[in-house]
Amino acid sequence: MLAKMAKVRLVGPRGRLDLVLEELHKLELVQLADVKGEPYRVSPLPEDDRRLARASEVRFLVAELEALLDLLGPDAHPGRGDLVPGEVDVSYVRSRLAEVEPAVEGLRGRIEHLEDEKIVLPRYLEPLENLLPLVPELADLEDHELDRLRLDTVALVLNTTDLSVVETLRRELAEVLGSRFELVSEEIEDGAIGCVLVFSHDDTAAVHELLGQEHVRHATLPEGYERLSLSGTVAAMEGRLEELPAEISAAKEELDALLRPHEEEWRTLLAGLRAELEQLEAADLLGGTRRAFVAAFWVPKRDLPRLREELKARVGAEVVVEEMPVDRYDGTMPVLMNNPKPVRPFEGLVRFLDLPRPGTLDPTGLMSLFLPIIFGAMVGDVVYGLLLLGVALWMKRRFTGPGMLKDLGSVLLVGSVWSIIFGFVFGEALGNLGYDLLGFDWALWFYRPDGLVPLLVFALALGATHVVLGLLLGIWQGWRERHRGEVAEKVGTLIALAGVFGLAGLVAGMMPSGAVTPAVAAVVVGLVLMMAAHGGGMGLLMGPLELIGALGNVLSYLRIAAVGLASAYLAIVANEFAAVAPLWIGIVIAAFFHALNLALAGFSPMIQAMRLHYVEFFGKFYEGGGRPFTPFGARAAGPPAEARDAREDAVEAEPREGREVAPI
Amino acid sequence: MELGLIAIGAGLAIGLAALASGLAQSRIGSAAMGAVAEKPELTGRAILLMAIPETLVVLGFAVAAMIILLLG
């Protein structure tokens with residue numbers, strides 16, 4: 001269910017503003033709302049130059065510290081300080097940063113330069129390596145040796161495979177230089193031709209002019225490689241590329257050694273500065289005059305008495321807390337899920353789709369009931385269930401902090417228990433192995449591979465129950481929100497579905513023949529209601545479509561039978577392999593197939609069960625679009641619900657009064 | 001009717017439905033992954049959109065089951 005939220009107006013003397021914000025920040029009970037959006041008219045707080053200047057300075061230092069700490073990687077224990085605004089000595093922080101920043105900048109620049117070099121060198125190296133075999137004799141000559149021969153060279157890479165381009169170039173060179181040049185070419189890589197042009201030193205200007213006319217771009221080699229021979233350049237570049245990784249890691253280690261000693265102090269300062277910045281920026285949401293301030297915020301209704309008491313004790317009775325009237329469908333109201341602890345792991349699965357809109361139903365409780373049943377009905381094997389139970393228990397022990405993996409462990413735990421229960425219902429243990437070993441059918445209901453009809457009926461019955469429940473919830477929600485059209489449409493769907501179920505019962509011989517008229521009448525009445533709900537000509541089309549959609553939703557639950565049967569048959573195939581092959585090979589093959597089936601059993605039924613909830617069940621009543629409740633000054637990092645769990649875990653872990661605490 | 005033809009019919013019913021579902025999912029999946037890369041908060045909706053064409057296979061399974069049960 002969703003926690004009831006109260007909208008509160010806080011009025012107090014301006015002199016107490018900093019203290020109030022500080023205490024609210026420590027309490028972590030409220031989410032500030034912009035007072036300018038409230039129905040009562042309040043002017044924004046008059047600008048406070050001292051506060052603005054401080055905020056700007058703190059913001060700058062926070063950015064600086066974050067940038068420096070980012071170089072050390074993520075913080076394993078992100079926290080928050082509880083500092084009074086103005087307590088951090090910013091000039092001290094600035095001086096501490098100024099001590100290390102020049103060295104840090106120098107090292108960062110060096111690392112950046114080395115990493116650039118690592119990226120750029122291969123781009124030069126590759127074409128040069130490809131040009132080497134074109135002129136092996138010339139490749140070993142350095143620039144000064146070529147000067148002595150009064151020769152000059154130009155290496156070209158043409159981004160084409162058309163050899164006629166080379167011939168055109170050769171023709172144009174011949175027009176200018178006559179026979180005083182040599183041009184060799186070869187396709188060097190996909191879509192490129194490498195050329196080396198050798199010519200007399202006296203013709204250098206003419207060659208460059210010609211190439212310029214042909215828009216051939218001149219690319220210079222990086223510094224340090226200009227005067228070497230072609231093969232010398234290639235060797236130097238290869239050597240440099242080998243050296244670079246060691247140089248980069250050495251520079252990174254040097255940077256780490258420079259920053260690491262400051263890490264703890266900086267993280268503490270950053271936490272304090274962030275807390276102060278939050279409090280300084282919160283003032284933008286407030287209103288008031290030179291003498292008084294007005295704040296508006298959301299608070300879970302159950303926390304309101306505690307908030308009143310705490311503020312009275314910490315700030316004084318001059319600050320007045322007033323509860324304001326609330327529209328329960330107010331779209332600006334933040335949403336806080338508030339379910340019993342066993343159900344909470346399923347909240348993440350609901351949030352995965354979207355948070356419920358304020359004032360609507362939170363389906364977490366129903367999801368915690370149906371999702372494990374559907375999952376268990378698909379797995380339906382005692383041994384697989386026990387193995388999944390083991391995995392779930394391992395996940396619960398391994399992932400102790402709040403988060404998706406811990407929640408998934410809890411969901412899998414309940415699902416695996418239902419898998420074991422359905423394993424007994426279907427009489428399956430590693431497929432037909434339990435059946436074969438015991439020598440008799442120990443299924444409490446039916447063995448799936450032999451009971452296709454009851455399996456299909458069971459899946460459809462589960463689907464009909466789930467869809468009808470969704471429709472009933474949709475009717476209830478529509479009724480609460482006074483949406484007559486929605487109520488009529490859902491009631492019509494329900495009546496028409498009842499008629500269709502009746503007709504199906506007649507066909508199956510499960511209903512007396514006298515039921516035809518009421519069943520047909522139900523379908524007709526339902527359809528008319530659905531058409532009327534949509535209204536106009538569209539209703540004629542939408543009514544039948546809605547009914548087909550609802551029937552499709554029920555039929556969609558046949559996947560419970562399909563996935564379950566596939567899993568059972570894969571287990572049987574694994575056992576058959578073991579029986580056919582020699583013993584030890586058979587055991588290996590069977591183990592492989594059972595492991596594969598188990599992996600599929602942990603994944604596919606969960607996805608299918610989620611899909612049945614998101615599409616078939618939620619589609620009937622669920623309305624998303626809620627914004628999460630994020631308390632001002634939330635101490636724990638992460639999404640609001642995880643932060644809530646972390647806070648509650650921390651409270652539970654705190655020693656109670658009177659309990660003996662081990663000395664530190 | 002021959003048992004072999006019935007089996008082929010049932011196989012085609014679910015096989016062709018699975019092929020169609022796969023084609024639809026491949027297109028939806030690539031678009032959904034693009035959207036998730038831009039906005040990770042859309043993961044839930046991406047799974048939902050990906051899962052919608054699977055109903056085709058379920059209907060194929062229903063038809064295959066009917067062929068086997070009614071004719072087999």
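We use all heavy atoms of the structure for the numbers below, so side chains are in, but hydrogens, waters and symmetry mates are not. Reminder, nothing fancy here: chain letters follow the sequence lines and each chain counts from 1.
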Scanning both residues in full, the closest heavy-atom pair of A:Leu558 with B:Phe61 reads O-CE2, 3.9 Å
So the salt bridge (Lys or Arg N to Asp or Glu O under 4.0 Å) pairs with at least one residue in residues 4-13 of chain B (sequence neighbours excluded) are none
Margin query: Below 30° counts as parallel, above 60° as perpendicular, anything between as tilted: where do the rings of A:Phe458 and A:Phe426 land?
Written below: perpendicular
Bottom line for B:Leu42: the part with an atom under 4.5 Å from chain A's heavy atoms is neither
So side chain to side chain donor-acceptor pair (under 3.5 Å) across residues 500-510 of chain A, not counting sequence neighbours, yields none
Heavy atoms of B:Ala64 and B:Ala10 approach each other most closely as CB-O, 3.5 Å
So, the part of A:Leu349 with a heavy atom under 4.5 Å from chain B: the answer is neither
Donor-acceptor pairs, chain B vs chain A, cutoff 3.5 Å:
| unit_1 | atom_1 | unit_2 | atom_2 | d |
| --- | --- | --- | --- | --- |
| B:Gly44 | N | A:Phe352 | O | 3.4 |
| B:Arg45 | NH2 | A:Asp354 | OD2 | 2.8 |
| B:Ala51 | O | A:Arg611 | NH1 | 2.2 |
| B:Glu54 | OE1 | A:Arg559 | NH1 | 3.1 |
| B:Glu54 | OE1 | A:Gln608 | NE2 | 3.2 |
| B:Thr55 | OG1 | A:Arg611 | NH2 | 3.0 |

Residues 22-38 of chain B vs salt bridge (Lys or Arg N to Asp or Glu O under 4.0 Å), sequence neighbours excluded, gives none
A:Leu452 and B:Ala65 have their tightest heavy-atom pair at CD2-CB, 4.3 Å
